[in-house]
Amino acid sequence: MKKLFVYLKGYKTESVLAPLFKLLEASFELIVPLIIASIIDTGIKNGDTKFIAGRVGILFLLALVGMVAAITAQYFAAKAATGFGRELRSSLYKKIQSLSFSELDKITTSSLITRITNDVNQVQNGVNLVLRLFLRSPFIVFGAMIMAFTIDFKSALIFVAAIILLFVVVFLIMSYTIPKHRQVQASLDSVTLATRESIAGARVIRAFCDERYELKEFNKRNNYLSSLQRLVGRISALLNPVTFVIINAAVIALLYTGAIRVNLGGLEQGQVVALYNYMSQILVELIKLANLIITITKAFACSQRITSVLEEENSLEFNNNNEKSEHFIEYKNVSLKYKNAGAPAIDGISFTAEKGESIGVIGGTGSGKTSLVSLLAHFYDSTEGTVFVDGQDVKSYDTDALRSKIGFVFQKSVLFKGTIRDNIRWGNKTATDDEINDALILSQAMDIVDEYGGLSYEIEQGGGNLSGGQRQRLSIARALVRKPEILVLDDSSSALDFATESRLRDAIYSLDYNPTVFIVSQRASSVICCDKIIVLDDGECVGIGTHKELLNSCEVYQDIYASQFEREGA
């Protein structure tokens, strides 16, 4: 938790003033029992109404000043806590954006969503309560005990025994609940994952009539989360009743000993009432402290989860490799093995590509096509070998400099909520409407703009109001608008009909700035005209050449081609 306090740096004044005003309020509260004791022992005993009226006036004044101090403290605490939450959330979001694909795969999207929303809120609430109560409650508890010593030493020993016993109970409960709260948050990740998957895959679930199974799985995870929360809740709930029992037992002991000492003349009635009021103050503050401790235990558990993300280092390797390649792009004995994977995704791949060439990558599902092209943009580190782009090792590039050369269209078309114009400008922030229209024409997507009334048409989250083919074409336009030196189309035309795909390929091949084009596909028709075709099978390169060369020399390519064309009499 203390590692996150750096985000309070901009709120030092508020973080100091909030507890100080709370201590000021608490100081006035500690004076109240003494004034009440004086009213009883002097005013009422002597029938002095003027004295009583004066002391009542002081009580009203203390209440007014205390209320102003409390409101001021609340204001500063809320300002500091909300500012802390904003800074922490921004830093966490920035950190997530800096992580490599490997770290994102490891932590998982659902867990990151929970951490940046629920976990940050829990920590923010913890900071708010700490600023308001962390000093105030102990100050009242120990202050009441000290004030009790000023009234009567023997009676004050009851306060000491009660406070020691209460802190033992608090420590035992905290030591059990903190690790349990971490389990609760991890279980919440699981529920978030199930929710996210079921909503994103709603169409698939309904298409296979699998709603009951998904509901069963969700209920299983949700029930486990509920059982954990109930278990932690039961233990945490012990704080209040145990506090009541201990304090009330102390009150009984205090009244018993106080009554005896009043009869013996060792105490005044007003002093006993003051001692009782101090014990009541301790009771109220310990109830607040119990709630504070429950919130803090949750905040501690959540802060550890947030800290683990903030401390996560980008695992991508960077070097100063001066080795150069004579080719624009070269894969030199390249292998890639994902973390915790049993076998390499690609193994010992070597090939070259020159500027302006078109490279087809074809193979069956799981053959390593996407893994191969992901190394171009340094999304992952090659575990062996070297990938060169523009003659330079990709690990020696500045990340932004490398990826600015590449227009990448992923397998899954991702669009963001906003206008068509905004989505296309992800590829080039300064693109004019004319440049956007040129990219849309090239990607065969101009009909979408015409159909929906222009570039200002609002796209829903994830492109939910567009078809799969429309999303793919807009994603291609987004890559083309930056006029990249390297264009990677990773199975990005799977939702297009053959005629549209053919026009798209022709448009890309006719680009005047001659990018090097990588076309990843399972369709032989998509790569048939490429200058060079790389055939992958189970992570290994089993053939490189033109379409005609591979038909004569590569059995895997022959099988792919035959399965897609010869059945149709082609």
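For the single chain, residues carry numbers from 1 onward in sequence order.
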Can you name the nearest heavy-atom pair linking [X] to [Y], along with the distance?
X	Y	answer
V481	A431	CG2-CB, 3.7 Å
L455	V449	N-CG1, 3.8 Å
S155	L275	CB-CD1, 3.7 Å
R482	S404	NH2-CA, 3.7 Å
A26	I140	CB-CD1, 3.5 Å
L59	I36	CD1-CG1, 4.4 Å

Which value, rounded to the nearest 0.5 Å, describes the distance between [X] atom [atom1] and [Y] atom [atom2]?
X	Y	atom1	atom2	answer
I96	L112	CD1	CG	4.5 Å
R305	D119	CZ	CG	4.0 Å
T72	M67	OG1	CE	10.0 Å
I58	F28	CD1	CZ	12.0 Å
N319	S396	CG	OG	6.0 Å
Q124	L4	CD	CG	12.5 Å

Test item: [X] and [Y] side chains (from C-beta on) under 4.5 Å apart, heavy atoms:
X	Y	value
E312	K106	yes
V6	E87	no
I35	V56	no
T399	L402	no
R478	F408	no
N118	I113	no
Y7	L92	no
Y224	L228	yes

Under 3.5 Å, is there a donor-acceptor pair linking the side chains of [X] and [Y]?
X	Y	value
R221	S187	no
E103	S315	yes
N465	Y457	yes
N428	T430	yes
T419	D422	yes
R89	N121	yes

Take atom [atom1] in [X]; do more than 12 heavy atoms of anything else shown fall under 6.0 Å from it?
X	atom1	value
F149	CZ	yes
F410	CZ	yes
Y213	OH	no

Any donor and acceptor pair, going by atom type alone, linking the side chain of [X] with main-chain N or O of [Y] inside 3.5 Å?
X	Y	answer
R115	V309	no
D381	E317	yes
N223	N219	yes
E311	S308	no
R421	I436	no
Q97	K94	no
R471	G463	yes
T82	K79	yes
S98	K95	yes

With ring centroids as reference points, do Y278 and Y276 lie under 6.0 angstrom apart? no
Would you check if the distance from the ring center of Y380 to the ring center of Y338 is below 6.0 Å? yes
The test is side chain to side chain contact (heavy atoms under 4.5 Å, CB included); show your working for F60 and L62 and say whether it passes. CA-CA 5 Å; F60 274 113; L62 289 175; over 6 Å; no
May I ask you to say whether K339 pairs ionically with D105, meaning some side-chain N is under 4.0 Å from a carboxylate O? no
Show, in sequence, the C-alpha distance, side-chain angles and deciding distance for L30 and Q281, and conclude whether the side chain to side chain contact (heavy atoms under 4.5 Å, CB included) test is met. CA-CA 9 Å; L30 290 174; Q281 284 183 352; 3.5 Å; yes
Stepwise, does the salt bridge (charged side-chain N to carboxylate O under 4.0 Å, His left out) test hold for E25 with K22? CA-CA 5 Å; E25 178 201 3; K22 274 294 181 182; 3.3 Å; yes
Verify side chain to side chain contact (heavy atoms under 4.5 Å, CB included) between L310 and S91, making sure each step is shown before the conclusion. CA-CA 8 Å; L310 293 174; S91 180; 3.9 Å; yes
Run the side chain to side chain contact (heavy atoms under 4.5 Å, CB included) check on N423 and L474 step by step: do they pass? CA-CA 8 Å; N423 272 273; L474 289 177; over 6 Å; no
